[in-house]
Amino acid sequence: MSDTLISASNLQKRFGDFEAVAGIDFEVRQGESFGFLGPNGAGKTSTMRMIGAVSPRSGGDLSVLGLDPGESGAELRARIGVVPQRDNLDDELTVSENLYVYGRYFDLKRPTIEARTKELLEFAQLSDRADAQVETLSGGMKRRLTIARALINEPEMLLLDEPTTGLDPQARHVLWDRLYRLKQRGVTLILTTHYMDEAEQLCDRLVVMDKGVIAAEGAPHQLIAKYASREVVELRFPVGVEADLSAEFGHMAERVEALPDRILLYTDDTDRSISMVEDHHLEPETMLVRRSSLEDVFLRLTGRSLID
Amino acid sequence: MATPLTLRIVEYRARYFRRTWRGTVVSSFINPLLYLLSLGIGLGKLVDANLPGGVDGITFVAFVASGLLAAATMQSGAGEGMYPVLVPFKWSFTYEGQLATPLSIASIVNGHFIWIAVRLTMVAAAFTIVSVILGALPADTAWLGIFPAVLSGVAFSTVITAAVVKAFVPQALAGIQRFVVIPMFLFSGAFFPVDQLPGWVQPVTRVIPMWHGVELSRWLILGLEPGVAPWVSFAYLTAVLIAGWGATMYLYRWRLWQ
């Protein structure tokens, strides 16, 4: 038995004339957490829906848990868990009823569901809200309940589509902590995100997607090492000034990116770059040095920011 | 059709109903009751006074109650094909949640209609019991009207469900209610014999599924000769049910399998 859970080759998805996924290749292995990083409209959700056997592929090959999602949809869905981009809980039902109803969809017996509910609510830190109507929960709680619900069938892998979009920072950290625990238990996580910090926190390996194709693949630190310098100097100038200045930076760093609101200097010697900026009396409003991130990788690969 | 997973949908709908039934009492129970009291008993006094011995020996209140049983059940059936269909598509996204499990689109559609049959049986039974208590219907035959009422209600709900999934905007619901459901309700023959209408309108009433439901329950409860042979009405309602169910299945696949 191979440890490859998903393998896709030349996978495509078209909606009429629109090519959402334009032929991608990737593999996901047992126990790893794998991410699709890209902006909205990159084809991440379409890919996830094909993996989850809720959307037919338009071309190419796809195998998930050794099954063809196009042919063995129900059998496949019985073995995976899905956390969708938008919550689809039953607001009028209680927290535990939501788990019960969902467990029944997997044809689980009542005692099994009840035992797992207790465990899952503990995991999702919702034990004290078991009998609360879902409508009364906060956004973060609903998200955690959705994750708990996706685990009711003890899935072999968990698909998470934008798991923390729309949550406040504290709720995001709680959620990351829960996902990290799952990962440590050996659950294979597959997630999409347009947050680079989320990708860095959770993904062992990821693909950068843009406009339906994969632009790069690797571990976060590998991608950063390959496509960006170790550190970045970020300069912010008063509105309208930077465009005139951008030509002056060429020699101050290995690579320069001029964004609408900032100039980024990619360099392995930030002290040297900073002193050169100072020597030229460029006087930015703010200047900061930070480590390179996946955001910089994305910028390098596509010329655009992750979040427009 | 009734695979275990289809029944999981019915089970879910029943559980959901247990939380939300209060909101349905007015439209599916109180309103028909008010029609029965105002038209059947109130107006009935006036009608019976002018028709000693009633129509074919049937009092007006019995005439109305037997027809209203089917008409009111059908109105509830139409309601079950409106918001309960549009909400999971557009606002709660619960269909997406269900489809991420082993459930299929077919099990969602079949479960929806089986649940409507269960729900309309409750509506028709409640109306029947109250009608018998009020003395509007004969206790020994009143229950016979439940089957045609539920059959015509489910048949009509398949048509409404398909129309709602096709139209897909909430504004369509008000339009369907005002221009389809209410006119049908008024001209289905529940409140007066449709042969009172001008000759050219009468063939139109034969197309209305609700009219067939009304005629069948009146025939079974009161023994009143129906406008067409009962088997024609049963066949027609069954045909509407199959066509509406097929259209619904097609449209759900069209919306959800993309």
Side-chain angles (χ1 to χ4, degrees), chain A residues 13-16 18 20 45-46 48-58 70 72-94 96-98 100-110 133-135 145-146 149-150 152-153 155 158-159 161, chain B residues 1-25 79-80 83-112 114-115 118-119 249-250 252-258:
Chain A
K13 181 71 198 181
R14 280 182 297 276
F15 298 100
F18 175 67
T45 298
S46 295
M48 288 292 251
R49 286 173 48 84
M50 289 189 281
I51 297 171
V54 291
S55 166
R57 64 180 182 271
S58 311
S72 317
E75 196 188 332
L76 174 57
R77 292 193 301 268
R79 293 168 57 189
I80 61 179
V82 176
V83 177
Q85 194 170 130
R86 44 191 185 198
D87 284 321
N88 53 35
L89 297 163
D90 272 297
D91 277 350
E92 281 83 358
L93 301 185
T94 66
S96 49
E97 274 178 320
N98 263 273
Y100 179 76
V101 161
Y102 217 68
R104 293 295 283 159
Y105 294 159
F106 289 91
D107 225 7
L108 302 176
K109 301 276 176 279
R110 179 187 279 272
Q133 220 180 307
V134 167
E135 214 168 15
L145 176 57
T146 305
R149 192 184 66 166
I152 194 86
N153 57 325
L158 191 60
L159 305 180
D161 196 2
Chain B
M1 182 164 150
T3 64
L5 289 179
T6 299
L7 296 179
R8 296 293 94 86
I9 291 286
V10 180
E11 187 185 336
Y12 155 67
R13 294 291 295 272
R15 186 168 280 268
Y16 189 87
F17 183 69
R18 225 170 61 185
R19 294 269 168 202
T20 58
W21 64 272
R22 287 168 194 83
T24 68
V25 170
E80 291 291 327
Y83 275 107
V85 169
L86 209 51
V87 166
F89 269 111
K90 298 192 74 136
W91 297 293
S92 70
F93 306 114
T94 41
Y95 285 152
E96 280 179 21
Q98 289 168 347
L99 288 175
T101 73
L103 294 175
S104 63
I105 293 173
S107 52
I108 289 179
V109 170
N110 295 339
H112 171 68
I114 293 173
W115 164 249
V118 172
R119 166 95 186 94
M249 194 68 91
Y250 173 81
Y252 265 63
R253 291 215 165 95
W254 173 61
R255 290 276 179 212
L256 293 169
W257 184 243
Q258 288 183 359

The residue among Leu103(B), Leu5(B), Thr101(B) that forms side-chain contact (heavy atoms from CB on, under 4.5 Å) with Phe106(A) is Thr101(B)
Pair count under 4.5 Å, heavy atoms only, with chain B: among Thr94(A), Thr146(A), Leu76(A), Val54(A), highest is Val54(A)
Assert top hit (heavy-atom pairs under 4.5 Å, partner chain B, pool Ser46(A), Ala74(A), Gly52(A), Pro56(A)) equals Pro56(A)
Would you say OH of Tyr250(B) has more than 12 non-hydrogen atoms from neighbouring residues, nucleotides or ligands within 6.0 angstrom? no
Can you name the nearest heavy-atom pair linking [X] to [Y], along with the distance?
X: Asn88(A); Y: Thr94(B); result: O-CG2, 3.7 Å
X: Pro102(B); Y: Arg77(A); result: O-NH2, 3.7 Å
X: Asp107(A); Y: Pro4(B); result: OD2-CB, 4.2 Å

Heavy-atom contact with chain B under 4.5 Å, split by part of [X]:
X: Leu89(A); result: backbone
X: Ala53(A); result: backbone
X: Val82(A); result: side chain
X: Asn153(A); result: neither
X: Arg86(A); result: side chain

Under 4.5 Å to a heavy atom of chain A? For Arg19(B) that would be side chain
Cut-off 4.5 Å, heavy atoms of chain A, and the answer for Thr20(B) is side chain
So OH of Tyr12(B) and CD of Glu97(A): to nearest 0.5 Å the spacing works out to 10.5 Å
- Check whether any side-chain N or O of Tyr102(A) sits under 3.5 Å from a backbone N or O of Gly97(B) as a donor-acceptor pair, and report yes or no. yes
